[in-house]
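A quick write-up on the structure given underneath.
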Amino acid sequence: MEDFPASVWALVRRIPRGRVMTYGQIADALGCFGRARAVGFAMRRAPHDVPWHRVVSSRGVISPRPDTGSMREQRRRLEAEGVSFDAEGRMDLRAHLWEP
DNA sequence: GCCTTGACCGCAA
DNA sequence: CTTGCGGCCAAGG
């Protein structure tokens with residue numbers, strides 16, 4: 001894996017069902033601390049076979065994306081996988097956060 | 001090759 | 001708790 005997006009997608013694909021990962025954690029796992037922004041860019045360019053819905057921002061909050069409909073779909077999918085959401089739209093990272 | 005934008009993060013006020 | 005500022009990297013115009 002040499003391309004940044006490809007590495008991100010590969011890692012995201014590794015995320016088990018019912019588990020989530022933060023942008024910063026993904027960036028750190030790739031050996032880049034503070035490069036979370038690039039991860040977001042890679043997600044935007046991510047193919048449909050990438051479970052992008054398991055990728056959330058820090059604090060377990062779903063970051064506002066250009067596609068509002070997809071954001072709603074993300075929460076719905078995570079709930080279907082067993083991820084519980086707070087009234088504020090936040091999830092328990094302590095219980096759902098997955099680390100490789 | 002430079003400038004702008006963006007699904008971010010962490011800390012400080 | 002909320003808001004603001006700086007910094008990092010990648011892709012598109």
Side-chain angles (χ1 to χ4, degrees):
Chain A
M1 289 301 186
E2 292 160 349
D3 296 317
F4 196 82
S7 305
V8 175
W9 302 334
L11 185 57
V12 173
R13 275 188 262 248
R14 275 202 229 167
I15 303 178
R17 189 170 172 277
R19 242 15 115 65
V20 293
M21 226 171 156
T22 67
Y23 295 91
Q25 193 176 2
I26 293 173
D28 187 30
L30 294 177
C32 306
F33 179 76
R35 285 98 173 140
R37 219 165 190 173
V39 177
F41 242 90
M43 291 280 94
R44 190 175 178 278
R45 290 270 135 197
H48 86 288
D49 58 298
V50 177
W52 51 266
H53 57 273
R54 291 182 191 154
V55 182
V56 295
S57 65
S58 293
R59 300 208 196 4
V61 193
I62 300 178
S63 307
R65 315 187 310 262
D67 306 304
T68 331
S70 297
M71 176 173 60
R72 201 153 51 103
E73 184 69 21
Q74 175 174 18
R75 175 172 175 171
R76 200 179 74 97
R77 273 191 152 188
L78 289 174
E79 287 181 321
E81 293 187 355
V83 179
S84 53
F85 276 83
D86 194 330
E88 303 175 10
R90 306 188 299 192
M91 64 194 82
D92 193 346
L93 288 180
R94 292 299 161 194
H96 301 295
L97 186 61
W98 176 76
E99 30 195 323

Of the nucleotides B/dA7, C/dA10, C/dG12, which has the atom closest to the A/Phe4 side chain?
-> C/dA10

Could you give the CZ-to-C1' distance, from A/Arg90 to C/dT2, as a whole number of Å?
-> 12 Å

Under 4.0 Å: is that the gap between some side-chain N or O of A/Arg35 and OP1 or OP2 of C/dC9?
-> yes

OP1 or OP2 of B/dG10 under 4.0 Å from side-chain N/O of A/Ser58 = yes

Closest to the A/Ser57 side chain: C/dA10, B/dC9, B/dA7?
-> B/dC9

Secondary structure of DNA chain C in dot-bracket form (Watson-Crick or G-U wobble, distances below 3.5 Å, | marking inter-strand pairs) = .||||||.|||||

Test the A/Arg37-A/Tyr23 pair against the cation-pi criterion, namely NZ or CZ under 6.0 angstrom from the six-membered ring centroid and within 45° of the ring axis.
-> no

5' priority, DNA chain B, between A/Val56 and A/Phe41 [closest heavy atom] | A/Phe41

Evaluate the side-chain proximity of A/Leu93 to A/Met91: yes if any heavy-atom separation is below 4.5 Å, no if none is.
-> yes

Send over the distance from A/Arg45 CZ to C/dC9 C1', rounded to a whole Å.
-> 16 Å

By side chain to side chain donor-acceptor pair (under 3.5 Å), which residues pair with A/His96, not counting sequence neighbours?
-> none

Over how many whole Å does the gap from A/Met21 atom CE to B/dA7 atom P extend?
-> 21 Å

Polar contact flag, side-chain donor to acceptor under 3.5 angstrom, A/Arg65-A/Gln74 = yes

Whole Å only: how far is the OH atom of A/Tyr23 from the P atom of C/dA10?
-> 17 Å

Checking C/dC9, B/dG10, B/dA7 against the side chain of A/Arg59 (C-beta onward), the nearest is B/dG10

List, by chain and then residue number, the residues other than A/Val61 in its hydrophobic cluster (Ile/Leu/Val/Met/Phe/Trp/Tyr, side-chain heavy atoms under 4.5 Å); write none if there are no others.
-> none

Provide, to the nearest angstrom, the distance between the CG atom belonging to A/Asp67 and the C1' atom belonging to B/dG6.
-> 13 Å

A/Asp28 CG - C/dC8 C1' separation (whole Å) = 14 Å

Check whether any side-chain N or O of A/Glu81 sits under 3.5 Å from a backbone N or O of A/Pro16 as a donor-acceptor pair, and report yes or no.
-> no

Can you tell me the distance, in whole Å, between the CG atom of A/Leu11 and the P atom of B/dA7?
-> 21 Å

In whole angstroms, how far is the C1' atom of B/dA7 from the CZ atom of A/Arg72?
-> 18 Å

Can you find a pair of side-chain heavy atoms, one from A/Val20 and one from A/Val55, that are under 4.5 Å apart?
-> no

Can you figure out which of B/dC8, C/dG12, C/dC9 approaches the side chain of A/Pro64 most closely?
-> B/dC8

Shortest side-chain distance from A/Arg37, nucleotide among C/dG7, B/dG10, C/dA11 = C/dG7

Which nucleotide, C/dG12, C/dA10, B/dA7, lies nearest any side-chain atom of A/Trp52?
-> B/dA7

